Every structure is written in C-alpha cells, then in structure tokens.
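Reading through the structure tokens given below for one structure.
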Amino acid sequence: MVKQLSVFIENRPGRLYKITQLLSQHNIDLVMLSIADTKEFGILRIITSDIEKSFRVLKEAGYTVSITEMIGVEVPDRPGGLAEVLAVFDRCGISIEYLYSFARTSDKIAIILFRVEDSQSALEKLMEAKVKLTDRVL
Amino acid sequence: MYNRQMETLPKGELRALQGERLRQVLKRVYENVPAYRAKMEAARVTPQDIKGADDIYKLPFTVKQDLRDGYPFGMFAAPRSEIVRLHASSGTTGKLTVVGYTRHDIEVWSELMARALAAVGATRDSMIHIAYGYGLFTGGLGAHYGAEKLGATAVPVSSGNTKRQIMLLKDFEADILCCTPSYALYIAEEIRKESLSISDFKLKAGVFGAEPWSEAMRAEIEEKLGISAYDIYGLSEIMGPGVSIECEHKAGGHIWEDHFIAEVIDPDTLEPLDYGKEGELVITTITKEGIPMIRYRTRDITTLLEEPCKCGRTHVRMKRVLGRTDDMLIIRGVNIFPSQIENVIAGISGVEPFYQLVVDRVEGADILEVQVEVSQALFSDQVKKIEAVKQLLEREIYSALGLSVKVTLCDPDSLPRSEGKSKRVIDKRKF
C-alpha cells in the first residue's frame, strides 16, 4: 500500500505556498499532490519522497496532518484500462472514497491510487481478482 | 398610568415602603433559605441590623453562581406547594438557572408588565402582538400576563415563522409589538421584501428588550415600522421583562421601586456608587416570595438617574444597558456563555479546544459564528467526514444553547491566543 499525507488547510491565500516551501526547505520531494476543496476549507493530499519525515516536519510546524494508506493499482495506459479495474471494484462491492491517478509515460501504464474504507479487506479481494497492485509510485 | 398612585408615590414614601418591604423579605430568606442565612452570618449581619433601605449596603451580594450551587430549587424561599410556575435561563455550564414564582409573584409581575405596557400607550383596547418566545424564557409569558392584566388582547404568537407573524400583525390590526429589537428590524425587512406598505398596519408602539440595542437602532426601527420604540429591561433572576420600562420621554427606564431596590456598584471594588455614576446594576427584590434576590449582581452596566421625570413617575430611571461585566453574550434574546460552547467542543474533540466566537448582525438578525481550530480528533482525510464533524458541532451546540450557530473550521494556531477570555469573542454588532 502507498502512504499518503493529508493536511487540513483553510481556504486562505498563501496556505499552499507555505507548505510546499516548508517541504522544500527540508529537501523533501513531492511525488503527487491533490486538493479536495469545499467552500471553506481544503484537504491537501500529498505523497512525498519521505512520508515519515514529511509527517514530522508538518506536525512540528503546527499543521493538522494524518497518514492514510492508499491502494495502488497499475492499469495499462489505453482506452478502457481504468474501466476494467473499476469493474472488479464493483463486483467485489468495494466502495471508493476518492481516487486519483498519474501516468507513467515511459512504462505506458497509469498508476491509480484508491482510498477505500477498509483497505485491508479490499486489498485481499483485489488480489484474489488478480488486479495488478503496486506500491511503487516513485 | 396603570397604577397612578404607586407610580407617582412621593420619593420619601417610596423609600419608607422599600425599607419596610426589605425587612420583610430579609426575614423571609433568613428563615427559609439556608444559603442566604449562611451568607448573612458570614457577613456578620442579621435582619435586625437592617432598619431601612439605606442599610442595604450592609448585606452580602448574590450572584448567578449561588443559583447554580442551589440548583434547581435551593434558593427558593417558599414551599414547593406555593410555587405555581418555573422559568429558567442559561447558566455558565450545562445547568440552567431556575426561578420559581408564587401566585403572588405572578400577580406582581403581571401588574408591573401591565404598567410597562400602559407606559408605552397600550390600553384595554389594544391588540398586543407578542413575538417573544413562550416557554422557559420569561419574555413571552411575562408580556402575555401583563397584556391580559391590562385588559388588552394578547396575541401569543411566540417566535419564528415571520411570514405568518406579518400576516397576523396586519389582519389582527395589532397596535403594540413585543419582541427583541433585532427581530423588529427583521420583521421590517420582511415587510419590505413582501412589498407591503407600512400604512397597511396599525402599529403604534413597540416594547423591545431581551438584548442590547442602541439609539441608532431605535431610530431605524421607528422609521421602518412607523412606530414609537421603547426599551424594556428585565432578567429572569429578578422577575423577567418589566423590571424597568421607558415612558414617553424615552429618558431611561423606570425601575419599579415599590418592588425593587436598585443600586449601582463598582464591579471591581464592589463599593456602591452614587446616582449618575456608571457601574454594575444590583437589584434586590423586596416583594418576591418564590425566589427573592438580595443584592443580585445583574452584571449589566448602566447608570441610575434620580432626577424627577417629566412623566410624573417618581421611580428611579436606568440608562440603556451598555454592556456586561462578565462574558455573557445575548444573541437573538438567548443568553450565551462562551464556556457553554467550549464544553461542547471539548466533548467532541476530546481536548481543550481553541475557538473564537464571532457575532454579527446581518439584516437585523444576529449571527453567531463559532470558529474552531481543527485538532487531530476533528480531522480526516475525507471531506464528508470533516463536514459531518462540523454538522455534529452545530447540532450539539444547538442542543446545548437552543441557538443555531455556524461552525467554521480553521487552521491550527490561526486563532489569537488570548491572555483572558475576552478575546475569545469578537462582537461586530453595532448597538
């Protein structure tokens, strides 16, 4: 499974900049970043080169932060690639809280990271269904 | 005037009456309320030491905490069989401040409220629209009994459903409106939105209280509703609405001195201040049976005016209440202590929360925003879970206070760290 950091941010100018600046000062590389936003606040979700260190750094700087385990799935980068995987989720009755993806062009694959409620049981079901799992996101 | 003889009683006679009644009430509480007896013994004073109203300074104060310590009925000075009604207001923690009335207390309250309504021009021909909440809050029933005592027609609409309120105001041709001043402005705004003309209404006067307001608000209400607006003062610990009322000269509210002794003290030194000096209002109820209050610290800041009023009433006047000596907020007529909200947040987040209360007035309605820093316990990586926490906070605060608030979640360390509690509240309302 892939570890992701979630950070609470109020919707105010400059908040995201501060966090990225803090990580760069500690020589932490951002691998993935996404933001779930509402009218009043956002949840910054990031994967970094060093999750444990990032967690410590952010925590010490006073942020409210948590670590979440994500299920990584490798899908072929072609039409229908994701649909086939989602069909398995559907069949196994795994509901997805949120997901995001990034393409690795060199390997002609896309990596999809899934957040599900019970990741351990989901993982077992997916393995049984022979879905190609990965925790290699770097 | 509803009771011309009493309302215009010469000062000297009024003072003598106060002394006599004070001695009676002291005897009553000394004999019936252990908490009062203990307080007086600690202060080395007995009822016999009090010869007249001028000796009141010898008596110890009573505070809201005393009511809480005696929760629910510990301060009652009448047997339960004589108590015919209870009311309650919020305390600093989850417990309410409970007061009880004997039949005589209800009679007195009704008369004082009838005096108040008559002072603003109500008669037995009046249609009195009462939009104060009915229930444990004293506003609705207090005004109601006064209206009936006067012989007017009481319309017990209570609060809420503004569209219906406007329909009834118009169709029943109410001439007197009783509600909070902010609600009066809200009604005015809704009338405008419904494209009704104020000339379709027969309103003449409004009796507004239960929250602080200003001369500017008075001018706005008077202009928008085409009425004369009067400030009424009261608190459940003393009685409820009708402790004081402005007369047609709008030069401070007359405190009914045949039933109350009013003083102003320095809230820091607790020393009595002369008339004309600003300080904390302290009231002693001298005819109450159910739960008499001896030198009760109201926490309201005002000034007492002794000069005779042009209306002919001899009773002392109090200036409009300017603020409080504690951190109590009055929002839409509901008394709120920040500690109540703090308890709710702490209960959900499990830690001492950092929060800030922002009060504002939008289109005449008071809005309370509760800003809470997101602690680990409140946080989740999922939007729907954080939204659920927010709604839970709003629901729990509502059930604790009876007031709907807006919760906003903030970054950790983003709210000011205050030295005192005062910074926890930002009041943007302009009174």
Side-chain angles (χ1 to χ4, degrees), chain A residues 1-19 22 32-48 51 54-71 95-100 113-119 122, chain B residues 341-342 345-360 362 367-398 404-418 423-424 426 428:
Chain A
M1 277 194 273
V2 181
K3 281 184 173 166
Q4 169 207 270
L5 282 184
S6 307
V7 189
F8 181 86
I9 43 172
E10 236 181 279
N11 272 0
R12 277 193 288 145
R15 303 300 293 156
L16 185 56
Y17 164 65
K18 279 236 160 114
I19 294 177
L22 182 68
M32 189 290 306
L33 179 152
S34 88
I35 293 178
D37 68 313
T38 70
K39 212 165 76 196
E40 287 156 7
F41 64 88
I43 303 167
L44 172 69
R45 297 167 182 150
I46 52 174
I47 295 173
T48 66
I51 286 284
S54 315
F55 180 79
R56 229 171 29 244
V57 165
L58 287 166
K59 199 95 196 154
E60 276 163 19
Y63 289 97
T64 299
V65 43
S66 66
I67 294 179
T68 312
E69 305 225 294
M70 306 286 289
I71 293 176
S95 52
I96 301 163
E97 300 299 333
Y98 58 85
L99 66 83
Y100 44 84
L113 295 180
F114 293 93
R115 168 74 161 101
V116 298
E117 204 49 76
D118 182 353
S119 41
Chain B
I341 294 175
E342 181 171 322
I345 306 170
I348 291 169
S349 73
V351 290
E352 193 199 342
F354 287 104
Y355 68 97
Q356 180 167 277
L357 308 180
V358 182
V359 194
D360 205 352
V362 180
I367 310 279
L368 175 60
E369 181 187 357
V370 181
Q371 300 177 338
V372 186
E373 283 187 10
V374 171
S375 61
Q376 210 63 42
L378 302 181
F379 184 60
S380 159
D381 65 310
Q382 295 176 49
V383 172
K384 68 175 179 194
K385 288 200 176 157
I386 299 185
E387 297 277 10
V389 163
K390 204 177 105 146
Q391 280 154 18
L392 176 68
L393 283 166
E394 285 174 348
R395 235 179 11 251
E396 292 294 310
I397 293 172
Y398 178 80
S404 47
V405 302
K406 177 192 190 311
V407 168
T408 305
L409 299 172
C410 305
D411 279 336
D413 288 324
S414 64
L415 299 177
R417 297 295 188 259
S418 58
K423 274 201 180 158
R424 291 244 156 121
I426 296 176
K428 295 180 175 170

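Worth knowing before you read on, the calculation uses all heavy atoms, side chains too, and leaves out hydrogens, waters and symmetry mates. The structure displayed is predicted, hence computed values, not measured ones. So that the names make sense, note that chain A is the first sequence line, chain B the second, and so on, each numbered from 1.
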Exercise. Side chains of B/T408 and A/F41: closer than 4.5 Å at any heavy-atom pair?
Worked result: no

For this session: Can you see which heavy atom on A/G62 is nearest to which on B/P412, and at what distance?
Result: O-CB, 3.1 Å

Problem set entry | Pairing residues for B/E373 by the side-chain hydrogen bond (donor to acceptor under 3.5 Å, both in side chains) criterion, not counting sequence neighbours | B/R417

Problem set entry | B/Q371 side chain near A/E10 side chain, heavy-atom distance below 4.5 Å | no

Exercise. Where does A/S66 contact chain B at under 4.5 Å (heavy atoms): side chain, backbone, both or neither?
Worked result: both

Seminar exercise, completed: Applying side chain to side chain contact (heavy atoms under 4.5 Å, CB included) to B/R395 and not counting sequence neighbours gives B/Q391, B/L392

For this session: List for me each residue that meets side chain to side chain contact (heavy atoms under 4.5 Å, CB included) alongside A/K3, sequence neighbours excluded, and say none if there are none.
Result: A/I51, A/E52, A/I67, A/E69

For this session: Identify the heavy atoms of A/R12 and B/D411 that sit nearest to each other, and give their distance.
Result: NH2-OD2, 3.6 Å

Exercise. Testing A/T64, A/V65, A/V7 for side chain to side chain contact (heavy atoms under 4.5 Å, CB included) with B/F379, which one passes?
Worked result: A/T64

Exercise. Any residues in residues 380-389 of chain B near chain A, with a heavy-atom distance under 4.5 Å, and which are they?
Worked result: B/S380, B/D381, B/Q382, B/V383, B/K384, B/K385, B/I386, B/E387

Exercise. If you draw a 6.0 Å radius around NZ in B/K428, do more than 12 non-hydrogen atoms from other residues or ligands fall strictly inside?
Worked result: no

Exercise. What part of A/K59 lies closer than 4.5 angstrom to a heavy atom of chain B: side chain, backbone, both or neither?
Worked result: side chain

